[in-house]
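Working notes, structure below.
This is a predicted model, so every value here is computed, not measured. All residue numbers in this chain count up from 1 along the given sequence.
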Amino acid sequence: QTERSCSHFAMVVIEDFDEPPNDPATTLQREKVSLNEEDFEDARSDLSDSLVSAGEPHEATAEEPSSHGTQVVGGPAENQDGSSSKNNTGDGEKLNCAGSKVSTGEEQQQSKEDGRLDEERVGEAEAFKAEGNQLYSSGQFEEAEEKYTCAVNTVPSEHPHRAIYLANRAACRLQAEQYDLVIEDCTECLEINPTYTKALLRRAQAYEKTDKLEYACEDLQKVVEMDPSNLAAAKSHARLEPLMKEQRDKMKDEMIGKLKDLGNSLLGNFGLSLDNFQAKQDPSTGSYSINFQQ
């Protein structure tokens with residue numbers, strides 16, 4: 001009897017597992033599965049057609065993401081909420097060193113901070129300049145030059161006050177007869193402020209001391225054009241102009257003499273010299289003709 005009961009129990013279990021034919025729940029489940037299997041392909045096809053008709057693009061990526069959230073190669077990584085972690089900043093938006101967007105408020109704050117630092121540097125440079133002025137007035141030109149150098153190195157490179165510090169340092173170097181350094185300082189000063197007449201005058205003095213009279217006259221001429229009331233510049237220009245022309249003629253004669261010597265050295269190989277050639281100008285045309293004389 002026990003064997004019959006166990007055997008009957010096993011048959012009941014097997015029959016229950018093999019879906020009793022008259023169980024309404026099993027029949028309904030079978031119908032649902034059958035419906036899903038038959039209509040799945042049609043439903044997916046209809047969905048694809050509706051997406052195409054709606055104009056939604058479908059682009060393939062280099063590598064599809066796995067079910068464990070692997071990032072797609074060639075595309076932006078996605079967060080857990082499905083949003084893209086790619087930087088979607090628009091045109092004109094700036095990023096800081098960490099890669100995050102810098103807001104307008106942060107830009108304004110940074111601009112104010114930069115302006116404050118520039119003001120502090122200008123204040124320090126002005127203090128150096130004041131010390132340099134006092135030293136220059138007392139005849140301590142070397143010490144004054146050091147203070148002006150500190151001012152030049154402290155202020156921002158393109159700040160207009162830097163031109164003043166360079167011109168003041170040039171004045172100290174002019175006193176020390178460092179004319180090449182004077183020319184350098186004044187030239188840099190004029191790159192910042194081309195109308196700085198004091199720099200032009202000091203550079204003209206340095207040019208004169210280094211026998212570059214033509215350059216000196218050019219600087220003095222600029223001063224006279226910008227400030228016709230500057231009588232000192234006008235007098236210096238009037239004094240240097242004839243000296244400059246004399247120097248130019250002298251340089252021209254020296255150049256011609258060197259060329260003549262070179263020509264004679266070459267013609268000497270043939271028993272000739274430039275004295276065998278005479279240039280005559282035609283008064284009607286102004287042209288020259290070369291005549292050979294033995």
Side-chain angles (χ1 to χ4, degrees), residues 114-115 117-252 254-255:
D114 293 342
L117 293 176
D118 287 345
E119 291 178 359
E120 291 180 357
R121 294 169 64 185
V122 172
E124 294 177 3
E126 284 292 302
F128 285 127
K129 186 196 78 169
E131 295 178 10
N133 290 346
Q134 293 179 355
L135 293 169
Y136 187 91
S137 299
S138 61
Q140 297 175 280
F141 303 120
E142 185 176 354
E143 292 78 2
E145 179 186 349
E146 294 178 358
K147 295 299 181 181
Y148 293 135
T149 300
C150 292
V152 168
N153 295 334
T154 301
V155 78
S157 60
E158 299 299 329
H159 198 280
H161 286 189
R162 194 167 187 269
I164 300 174
Y165 310 147
L166 288 166
N168 288 1
R169 187 172 69 177
C172 297
R173 292 175 170 178
L174 192 62
Q175 294 290 338
E177 299 181 356
Q178 297 174 334
Y179 302 121
D180 291 336
L181 295 179
V182 173
I183 294 172
E184 290 181 6
D185 279 348
C186 291
T187 300
E188 187 175 355
C189 167
L190 292 169
E191 290 176 355
I192 301 173
N193 184 3
T195 62
Y196 201 166
T197 56
K198 289 184 178 180
L200 287 169
L201 289 171
R202 289 165 187 166
R203 190 171 68 173
Q205 294 180 42
Y207 278 143
E208 181 182 358
K209 294 296 183 180
T210 54
D211 209 26
K212 300 175 181 178
L213 301 182
E214 185 173 0
Y215 293 151
C217 287
E218 290 178 359
D219 282 350
L220 292 171
Q221 181 64 31
K222 291 178 182 179
V223 174
V224 172
E225 291 175 355
M226 288 187 292
D227 184 11
S229 63
N230 195 323
L231 299 179
K235 290 180 179 180
S236 296
H237 184 269
R239 175 178 59 84
L240 290 179
E241 188 173 19
L243 297 176
M244 180 266 295
K245 292 180 179 180
E246 182 181 350
Q247 184 187 58
R248 182 184 297 172
D249 293 338
K250 183 180 179 181
M251 293 175 63
K252 180 180 178 181
E254 290 177 355
M255 184 179 296

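- Here the straight-line distance linking atom NZ of K245 with atom CG of L213 works out to 13.5 Å at 0.5 Å rounding.
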Subject >> side chain to side chain contact (heavy atoms under 4.5 Å, CB included) assessment of L190 paired with L200 >> reply: CA-CA 8 Å; L190 292 169; L200 287 169; 3.5 Å; yes
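- Summarising the geometry of P242 relative to A238, their closest heavy-atom pair is CD-O, 3.2 Å, with the distance given to 0.1 Å.
- In summary, of the residues considered (Q175, R173, R169, Q140), a side-chain hydrogen bond (donor to acceptor under 3.5 Å, both in side chains) with E145 occurs for R173 alone.
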Subject >> Worked verdict on N168 versus R202 for side chain to side chain contact (heavy atoms under 4.5 Å, CB included) >> reply: CA-CA 10 Å; N168 288 1; R202 289 165 187 166; 4.2 Å; yes
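- For E142, there are no side chain to side chain contact (heavy atoms under 4.5 Å, CB included) partners at least two apart in sequence or on another chain.
- Considering only residues two or more places apart in sequence or on other chains, E126 meets the side chain to side chain contact (heavy atoms under 4.5 Å, CB included) condition with V122, K129, H161, Y165.
- Atom CG in L243 sits 13.5 Å away from atom CD in E214 (nearest 0.5 Å).
- To the nearest 0.5 angstrom, E143 atom CD is 6.0 Å from E146 atom CD.
- Put simply, the side chain of D227 never gets that close to the backbone of V223: no donor and acceptor are under 3.5 Å apart.
- For T210, there are no side chain to side chain donor-acceptor pair (under 3.5 Å) partners, not counting sequence neighbours.
- Atoms CD1 and OG, from I192 and S157 in turn, are 7.5 Å apart once rounded to the nearest 0.5 Å.
- N230 places none of its side-chain heavy atoms less than 4.5 Å from the side chain of V224.
- Side-chain atoms of Y148 come within 3.5 Å of backbone N or O of N133 as a donor-acceptor pair.
- Judged by distance alone, with hydrogens and angles left aside, the side-chain atoms of S236 form no donor-acceptor pair with the main-chain N or O of A233 at under 3.5 Å.
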Subject >> side-chain hydrogen bond (donor to acceptor under 3.5 Å, both in side chains) assessment of D185 paired with T187 >> reply: CA-CA 5 Å; D185 279 348; T187 300; over 6 Å; no
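- When every heavy atom of N193 is checked against every heavy atom of A163, the shortest pair comes out as CB-CB, 4.2 Å.
- The line from NE2 of H159 to CD of E119 is 8.5 Å long, rounded to the nearest 0.5 Å.
- Residues meeting the side chain to side chain donor-acceptor pair (under 3.5 Å) test with E208, sequence neighbours left out: R239.
- At a threshold of 4.0 Å, the pair E188-R162 counts as salt-bridged, since one of the basic side-chain nitrogens sits closer than that to a carboxylate oxygen.
- The nearest pair of heavy atoms linking C189 to A167 is SG-CB, 4.2 Å.
- E124 meets the side chain to side chain contact (heavy atoms under 4.5 Å, CB included) test with T154; sequence neighbours excluded.
- Here the CD-CG distance, from E191 to L166, works out to 9.5 Å after rounding to the nearest 0.5 Å.
- Between K147 and E131, at least one side-chain nitrogen of the basic residue sits less than 4.0 Å from a carboxylate oxygen of the acidic one, meeting the salt-bridge criterion.
- Residues A199 and C186 approach most closely at O-SG, 3.5 Å, considering heavy atoms.
- Using the six-membered ring where Trp is involved, Y215 and Y207 have ring planes that are tilted, between 30° and 60° apart.
- For E225, the side chain to side chain donor-acceptor pair (under 3.5 Å) partners two or more places apart in sequence, or in a different chain, are Q221.
- Here the side chains of E177 and V182 are not in contact, with every heavy-atom distance at 4.5 Å or above.
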Original post:
Should T195 and K222 be marked as a side chain to side chain contact (heavy atoms under 4.5 Å, CB included) after you check the CA-CA gap, both sets of side-chain angles, and the distance that decides it?
Top reply: CA-CA 9 Å; T195 62; K222 291 178 182 179; over 6 Å; no
